[in-house]
Amino acid sequence: MTRKQKRLSVIAGALAFLGAATALTFYALGQKASFFYMPTELQAAVLEPGQRIRLGGLVEAGTVKRGQGTEISFAITDQEKSVPVAYVGILPDLFREGQGVIAEGTMRADGVFAADSVLAKHDENYMPKEVADSLKAKGVWQDETARPGS
Amino acid sequence: MIVETGHFALVLALALALVQSLVPLVGARTNDARLMATGGPVAVAGFALTGIAFAALVMAYVQSDFSVANVWENSHSAKPMLYKVTGTWGNHEGSMLLWVLILTFFGALVAVFGGNLPATLRANVLSVQGWIGAAFLLFVLTTSNPFIRLEPAPFEGRDLNPILQDVGLAIHPPLLYLGYVGFSVCFSFAVAALIDGRIDAAWARWVRPWTLAAWMFLTGGIAMGSYWAYYELGWGGFWFWDPVENASFMPWLAGTALLHSAIVMEKRSALKIWTILLAILTFSLSLLGTFLVRSGVLTSVHAFATDPTRGVFILAILVLFIGGSLALFALRAGSLTAGGLFHPISREGALVLNNLFLTTAAATVLVGTLYPLLVEAVTGDKISVGAPFFNLTFGPLMLPLLLLIPFGPLLAWKRGDVYAVAQRLMAAFGGALLAVLATLLLADGASVFAALGVGIGVWMILGALTDLVQKSALGTVPLAVAARRLAGLPRSVHGTALAHLGMGVTVLGIVATLAFEAEHITIMKPGESTAIAGRTLRFEGVSPVQGPNFTETRASFVLLGAGGGKLGEVTSAKRVYTARQMPTTEAGILTLGFSQLYVSLGDPTQDGGIVVRIWWKPLVTLIWLGGLVMMVAAAVSLTDRRLRVGAPARRAKAASSPAGAKA
């Protein structure tokens with residue numbers, strides 16, 4: 001092979017490799033990215049059976065119930081609609097009624113959200129960003145972090 | 001007064017950074033030696049002033065001076081002294097000040113140890129370093145000033161986020177920043193070379209120690225951050241594909257590629273343009289990481305208080321530096337001459353392949369990290385891209401790379417012989433095969449994939465050792481001769497082998513943990529026992545404990561072996577930090593060999609039990625030990641002779657420049 005052919009074959013190889021990687025990336029984005037919904041948006045959303053989503057909102061007061069063993073049920077609300085959630089496992093430290101949380105899992109046929117992970121963020125003032133944005137949009141956001149003296 | 005001194009010092013540092021940005025550069029353009037010579041002292045003074053500012057802020061924290069807003073927001077008088085000091089950078093303003101401090105530190109290092117560089121290159125490098133410094137000092141002073149006072153001063157502070165009250169905060173951010181920001185020197189060298197329009201093999205040799213040092217710190221920072229998240233968050237995971245983790249991982253991937261391509265440039269004078277581009281991209285990814293973390297555009301455990309003006313400011317810096325440097329690159333790259341030729345099957349070819357994999361992997365991580373932002377901006381939909389995406393894309397990209405690593409160092413330059421190399425790797429391959437079989441036979445319920453994974457780890461470790469065995473001719477010459485040859489090998493050869501070995505150790509740890517980890521969530525009452533991975537965990541009971549700024553409920557456990565013998569004790573706790581009334585989980589960890597038992601507590605149940613989550617994590621510590629080995633490898637490589645004796649130094653000032661000056 002001449003020098004030019006050699007170089008072209010190397011470039012062609014690299015491009016084929018990059019093409020494969022790009023195709024894989026976009027395939028994976030289509031398959032594995034999960035959408036975020038607030039309860040009201042969830043009502044309108046069309047979900048495929050078994051599609052993984054993230055459900056965000058506040059833990060509705062008075063809905064947290066412990067069942068057998070480590071089963072827990074509660075409801076996530078955005079002050080308009082609320083969605084029942086079933087979860088098995090340990091809840092995060094900052095999980096409490098009125099706290100902003102994000103649950104990840106799938107919607108069951110009976111309208112209960114089966115969560116396999118529940119996230120509450122680490123700061124008591126900190127809301128998951130998606131939840132804070134949505135609450136602000138609805139006008140039910142309360143800012144708790146005002147400074148003294150300013 | 002101390003605080004105002006610090007504030008003033010920071011303003012002066014900005015003024016000096018502006019001088020540093022311009023004067024040496026003008027000197028280099030006009031070939032004025034006096035102007036060029038100003039760069040060094042100015043850089044050192046800028047570092048000293050930033051150091052004074054940083055020390056002033058640390059003092060304010062140590063003295064719990066709550067008249068400073070930043071201290072009030074993030075400290076408490078009852079906090080232990082270590083966390084008062086480390087709390088300085090446990091918040092946005094303080095951590096940006098640390099960022100700038102480290103940036104000026106590297107500038108000063110270039111000034112002090114860059115004596116053997118050509119004067120124009122040194123002047124240009126210092127100027128580019130000055131641009132970055134000026135931009136970030138301006139950022140700190142205008143949007144993130146840690147020296148703002150409160151009037152009237154509150155009596156007590158709001159305490160540091162309890163998650164950050166850990167020795168990890170003393171180690172992880174400084175190491176990470178030393179890595180992140182260390183790549184700024186590579187960037188400055190690249191831009192300086194583009195300004196000069198002259199790039200040769202010597203350039204690669206000058207940049208190499210900086211790349212190695214930055215890579216070493218970044219590796220350590222990432223490994224340390226991973227271990228910290230593992231034990232502190234109580235989730236038992238070592239990597240979450242969190243956007244902020246990705247932010248530090250992308251420069252690491254690009255930096256690793258840079259480390260390898262610079263070898264080709266240094267030895268064979270090839271891949272010049274590509275290496276320059278990688279140097280620019282690596283630091284660009286560091287800047288992008290800083291933007292992602294500091295602007296709060298992404299949900300993350302690292303998101304401190306967020307403020308849109310900061311995001312916009314950093315975005316402007318980002319656009320200016322990345323856009324500017326890439327434009328300069330586009331303008332000048334054509335005038336750079338292409339270097340030596342090589343056959344695709346050769347050491348150079350292997351390194352190119354390494355670069356192809358690493359940069360593609362970095363691009364994949366970049367897409368996964370930024371895609372949610374893009375989608376939200378375009379369609380308004382909120383999506384998240386997590387572990388499933390990265391497992392599907394990053395995994396298949398890394399797998400062939402890991403398999404090919406042992407081949408690289410054994411291939412000859414210019415034209416290699418794959419069959420000869422494969423023959424030399426037969427022993428390593430046999431060892432890996434044995435490991436696969438042993439895993440299948442000995443480990444209960446081991447899947448074929450798990451066994452193959454273990455095989456890959458062992459293959460990499462043995463492959464790395466093969467390189468040393470081959471080069472010292474161990475087994476074919478008497479042992480003493482081989483030992484002498486081994487000791488006589490260049491340090492960089494040891495570094496390479498050690499780094500690849502460390503990577504293998506990490507892979508082994510990851511595979512073992514993912515494949516053979518046992519997890520058990522149960523409710524336990526005092527006196528009850530639970531079986532975990534062939535051992536028994538007995539719950540002894542709970543006791544209340546009063547800490548300096550927290551109260552905790554501490555649960556004690558005893559781990560018993562299969563025969564009933566006691567293996568060790570573990571305590572795990574639920575802690576409530578008094579100032580913020582914030583609960584945290586303190587995981588209990590018992591290390592046995594390289595494996596760990598991990599116990600974290602949930603909520604108490606009404607009948608006197610407590611929810612307990614127990615993991616058995618086999619060989620999990622190898623994940624971070626591998627990182628440590630890679631750090632040591634970089635340090636070994638840094639002591640290589642050829643880095644100490646630069647090419648120009650050998651001619652002119654070998655006698656006057658002390659050896660080891662570059663370390």
Side-chain angles (χ1 to χ4, degrees), chain A residues 1 3 6-7 9-10 13-14 17-18 20-22 24-38 41 52-54 56 66 68-70 72 88-96 102 104 117 119 121-134 145 147-150, chain B residues 69 72-73 150-154 161-163 233-234 296-299 301 303 305-306 341 343-344 349 352 356-357 360-361 363-364 367-368 371-372 375 381-386 388-393 396-397 521-523 574 580-585 600-603 605-606 611-613:
Chain A
M1 277 196 289
R3 181 179 168 176
K6 239 184 231 175
R7 183 174 285 179
S9 64
V10 168
F17 176 80
L18 284 177
T22 313
L24 181 65
T25 303
F26 282 100
Y27 167 77
L29 279 177
Q31 293 290 307
K32 304 289 180 184
S34 58
F35 280 80
F36 172 90
Y37 298 104
M38 300 289 282
E41 298 162 355
R52 287 182 59 79
I53 60 160
R54 284 149 44 103
R66 289 178 196 280
Q68 282 283 307
T70 55
I72 292 157
V88 179
I90 291 187
L91 289 168
D93 293 325
L94 291 171
F95 181 92
R96 53 180 106 125
I102 291 180
E104 232 179 306
S117 77
L119 303 171
K121 281 296 175 176
H122 298 119
D123 191 308
E124 81 277 29
N125 295 322
Y126 187 81
M127 283 272 180
K129 185 174 175 292
E130 294 91 332
V131 177
D133 287 350
S134 301
T145 58
R147 282 181 178 186
S150 64
Chain B
W72 168 73
E73 275 170 356
L150 280 178
E151 181 70 44
N161 185 340
I163 292 284
L233 295 181
V297 291
L298 294 170
T299 306
V301 291
T306 56
L341 285 177
H343 194 260
V352 169
L356 193 59
F357 277 109
T360 312
T364 318
V367 169
Y371 187 67
V375 168
D381 283 335
K382 287 170 182 158
I383 66 160
S384 85
V385 172
F389 167 81
F390 293 104
N391 292 345
L392 187 61
T393 53
L397 273 174
I521 302 179
T522 184
I523 296 173
K574 274 271 175 198
R580 293 195 177 201
Q581 280 301 308
M582 177 168 160
T584 65
T585 301
S600 94
L601 297 181
D603 296 309
T605 55
Q606 271 146 11
V611 181
V612 183
R613 194 167 182 182

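Below, read A as the first sequence line, B as the second, and so on, with proteins coming before strands; counting in each chain starts at 1.
Proximity to chain B (any heavy atom under 4.5 Å) is restricted, for Tyr27(A), to the side chain, taken from C-beta onward. For Phe17(A), the part lying under 4.5 angstrom from a heavy atom of chain B is the side chain only. Looking at Val612(B), the atoms closer than 4.5 Å to chain A (heavy atoms on both sides) all sit in the backbone: N, CA, C or O. Looking at Val611(B), both its backbone and its side chain come within 4.5 Å of chain A, counting heavy atoms on both sides. With a threshold of 4.5 angstrom between heavy atoms, Leu397(B) approaches chain A through side-chain atoms but not through N, CA, C or O. Proximity to chain A (any heavy atom under 4.5 Å) is shown, for Phe389(B), by both the backbone and the side chain. With a threshold of 4.5 angstrom between heavy atoms, Leu24(A) approaches chain B through its backbone and through its side chain.
Rounding to the nearest 0.5 angstrom, the gap separating the CD atom in Gln31(A) from the OG1 atom in Thr393(B) is 13.0 Å. To the nearest 0.5 Å, atoms CZ (Arg54(A)) and CD1 (Ile102(A)) are separated by 4.5 Å. Atom CD1 of residue Ile53(A) and atom CD of residue Glu104(A) lie 10.0 Å apart, to the nearest 0.5 angstrom.
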Between Thr364(B) and Phe390(B), is a side chain to side chain contact (heavy atoms under 4.5 Å, CB included) present by the stated rule, with each step listed?
CA-CA 8 Å; Thr364(B) 318; Phe390(B) 293 104; 5.7 Å; no
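Nearest heavy atom pair, residue Gly89(A) against residue Ile72(A), reads O-CD1, 3.8 Å.
A 4.5 Å side-chain heavy-atom check between Asn161(B) and Met582(B) finds at least one atom pair inside the cut-off.
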